[in-house]
Number of protein chains: 2
Amino acid sequence: MATKPGTTMNTIDRFLSSELAGEIEFLTARTRSLGSARANKLLEPLDLKVRSYSVLSLACSGLAPTQRELAEFLSLDPSQIVPLVDQLEGRGLVERTADPNDRRSKVITGTTSGEQLYTKARKATAEGEAVAMTNLSKAEQETLRDLLSRIAFRD
Amino acid sequence: MATKPGTTMNTIDRFLSSELAGEIEFLTARTRSLGSARANKLLEPLDLKVRSYSVLSLACSGLAPTQRELAEFLSLDPSQIVPLVDQLEGRGLVERTADPNDRRSKVITGTTSGEQLYTKARKATAEGEAVAMTNLSKAEQETLRDLLSRIAFRD
DNA sequence: CTTAATCGTTGACTTTATCAAGAGTTTAAG
DNA sequence: CTTAAACTCTTGATAAAGTCAACGATTAAG
């Protein structure tokens, strides 16, 4: 009963019963692959990708992240933050300022135009999220957010 | 009230209140980044990575996937499947057989030793998943699985 | 039979990831 | 105070992953 002859079955349905399809690891990988592809398309008109958007978002959060903190929170290597900030700084969207308490660190803050762009970009990613979650009720969406953050930020 | 002076706050907690931390896109990205790093470590003794493991898993599923189907289900480009199967085939874990119905396609099936290795590998990924989900109850884990698959495989 | 489409494969190219080392700064030990 | 160790950003090298066009073999459509 592996395949029903005469029935046209698409690829995804064919493998929904596989053991892999039940693994959280795989489900998150596929979810984020589809999601970031969609988000990247929506951010393209703003000349942003999910990566640069994430940095811009934290830079505009008012939390004054250092590059080290950006790396840790975004699960990136510190050396990957450098070109990301370089690019945003080159466009006048963020600024590097030496942390007065610790001059080794550089605090990244959004400029006025950075915040303006972030406002638009946030709408784009919100739209992408809405598209992704069309199959879930509002309550389910909040449940998902809660469960995911308890995994992503578990002690 | 951005920072409480005198209090030592770790990086993650500092940014939990950020708008980004509430985005599903970001939460799935971070979850899968941490998860695949952990899974890769657990699979390393078996000379597998999450990628090769996923291919091996579907090859051993009894569903007889073609390379095209592997690519679609795993959200990869067909050209990325080639070296993955090459490597597994070179280790005698899977076989390429021409699809009798359509000789353009090649069906990937696990060999006996492939299935033996998959059994061990599956235990490793199950352990990784268990570690990731320590903060969630069994019921919550099933809820998460359901919600994620409805996003990952939405029509 | 001819044309168009599909599958696996190759190759070129860009992006992302990983890791070591260096310059400047801060912290801790003596 | 001074010296050594630890930390932050940066650079550079290298590997891995992602993207895309094109080709031979095969199948489907007209």
Side-chain angles (χ1 to χ4, degrees), chain A residues 8 10-11 29-30 32-41 43-44 47-55 59 64-90 94-109, chain B residues 8 10-11 29-30 32-41 43-44 47-55 59 64-90 94-109:
Chain A
T8 324
N10 72 36
T11 302
R30 197 181 146 96
R32 101 101 215 193
S33 183
L34 301 179
S36 75
R38 180 170 35 234
N40 276 328
K41 275 185 188 168
L43 288 171
E44 197 176 19
D47 270 301
L48 289 173
K49 297 186 177 182
V50 248
R51 281 293 167 75
S52 43
Y53 163 77
S54 301
V55 171
T66 67
Q67 298 189 192
R68 205 77 189 183
E69 291 173 320
L70 289 174
E72 185 178 350
F73 199 65
L74 299 177
S75 313
L76 296 178
D77 190 90
S79 64
Q80 295 181 271
I81 301 295
V82 177
L84 282 170
V85 172
D86 281 350
Q87 195 179 334
L88 293 175
E89 192 182 32
V94 305
E95 281 178 348
R96 268 188 250 243
T97 55
D99 185 344
N101 297 26
D102 185 344
R103 301 215 322 280
R104 288 173 301 185
S105 302
K106 297 184 181 173
V107 173
I108 311 301
T109 51
Chain B
T8 324
N10 71 34
T11 302
R30 196 179 148 98
R32 100 101 214 191
S33 183
L34 301 179
S36 75
R38 181 169 36 233
N40 276 329
K41 274 186 188 168
L43 289 171
E44 197 176 21
D47 270 303
L48 288 174
K49 296 187 177 181
V50 192
R51 281 293 166 76
S52 42
Y53 163 77
S54 301
V55 171
T66 67
Q67 297 190 193
R68 206 77 188 184
E69 291 174 319
L70 289 174
E72 185 178 351
F73 200 64
L74 299 176
S75 314
L76 296 178
D77 191 90
S79 64
Q80 294 180 273
I81 302 295
V82 178
L84 282 170
V85 173
D86 281 350
Q87 195 179 335
L88 294 175
E89 193 182 33
V94 304
E95 281 177 347
R96 268 187 251 242
T97 55
D99 185 344
N101 297 28
D102 184 344
R103 301 214 323 280
R104 286 173 301 185
S105 301
K106 297 184 181 173
V107 173
I108 310 302
T109 53

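By convention in this document, chain letters (A, B, ...) are assigned in the order of the sequence lines, proteins followed by strands, and residues within each chain are numbered from 1. The shown structure was predicted, so the numbers you read here are calculated from the model rather than taken from an experiment.
- Note that the OG atom of A/S52 and the CG atom of A/L43 stand 7.5 Å from one another [nearest 0.5 Å].
- The CG-C1' distance, from B/D99 to D/dT27, rounds to 12 Å in whole Å.
- Residue B/E89 contributes atom CD, which lies 13 Å from atom P of C/dG8 at whole-angstrom precision.
- Atom CD in A/Q67 sits about 13 Å away from atom C1' in D/dT11, given to the nearest Å.
- Looking at the side chain of A/R104, the nearest of the listed nucleotides D/dC7, D/dT26, C/dT9 is D/dC7.
- Considering only side-chain atoms of A/L76, the nucleotide from D/dT8, C/dA17, C/dG8 that sits closest is C/dA17.
- Rounded to whole Å, the distance from CD on B/E44 to P on D/dA16 is 12 Å.
- Under a 3.5 Å cut-off, the side chain of A/R30 and the backbone N or O of B/F73 do form a donor-acceptor pair.
- Between the side chain of B/R103 and the base of D/dT26, no donor-acceptor pair under 3.5 Å is found.
- Residue B/R96 contributes atom CZ, which lies 15 Å from atom C1' of D/dA25 at whole-angstrom precision.
- Each of A/K49 and A/N101 has a nearest nucleotide on DNA chain C; the 5'-most of these lies closest to A/K49.
- Between the P atom of D/dT8 and the CD atom of A/E72 lies a distance of 10 Å, rounded to the nearest Å.
- Listed pair B/Q80 / D/dG18 meets the phosphate criterion, a side-chain N or O lying under 4.0 Å from OP1 or OP2.
- On a pure distance criterion of 3.5 Å, a polar donor-acceptor pair joins the side chain of B/S79 and the base of D/dC20.
- No donor-acceptor pair under 3.5 Å is formed between the side chain of B/D99 and the backbone N or O of B/R104.
- The phosphate of D/dG18 has OP1 or OP2 within less than 4.0 Å of a side-chain N or O from B/R51.
- At least one donor-acceptor pair closer than 3.5 Å links the side chain of A/E69 to the backbone N or O of A/T66.
- Here C/dT14 presents its C1' atom at 14 Å from CD of A/Q87, a figure rounded to the nearest Å.
- With A/S33 contributing its side chain and A/A29 its backbone, the two residues share no donor-acceptor pair below 3.5 Å.
- In this entry the distance linking CG of A/D77 with P of D/dT11 reads 14 Å, nearest Å.
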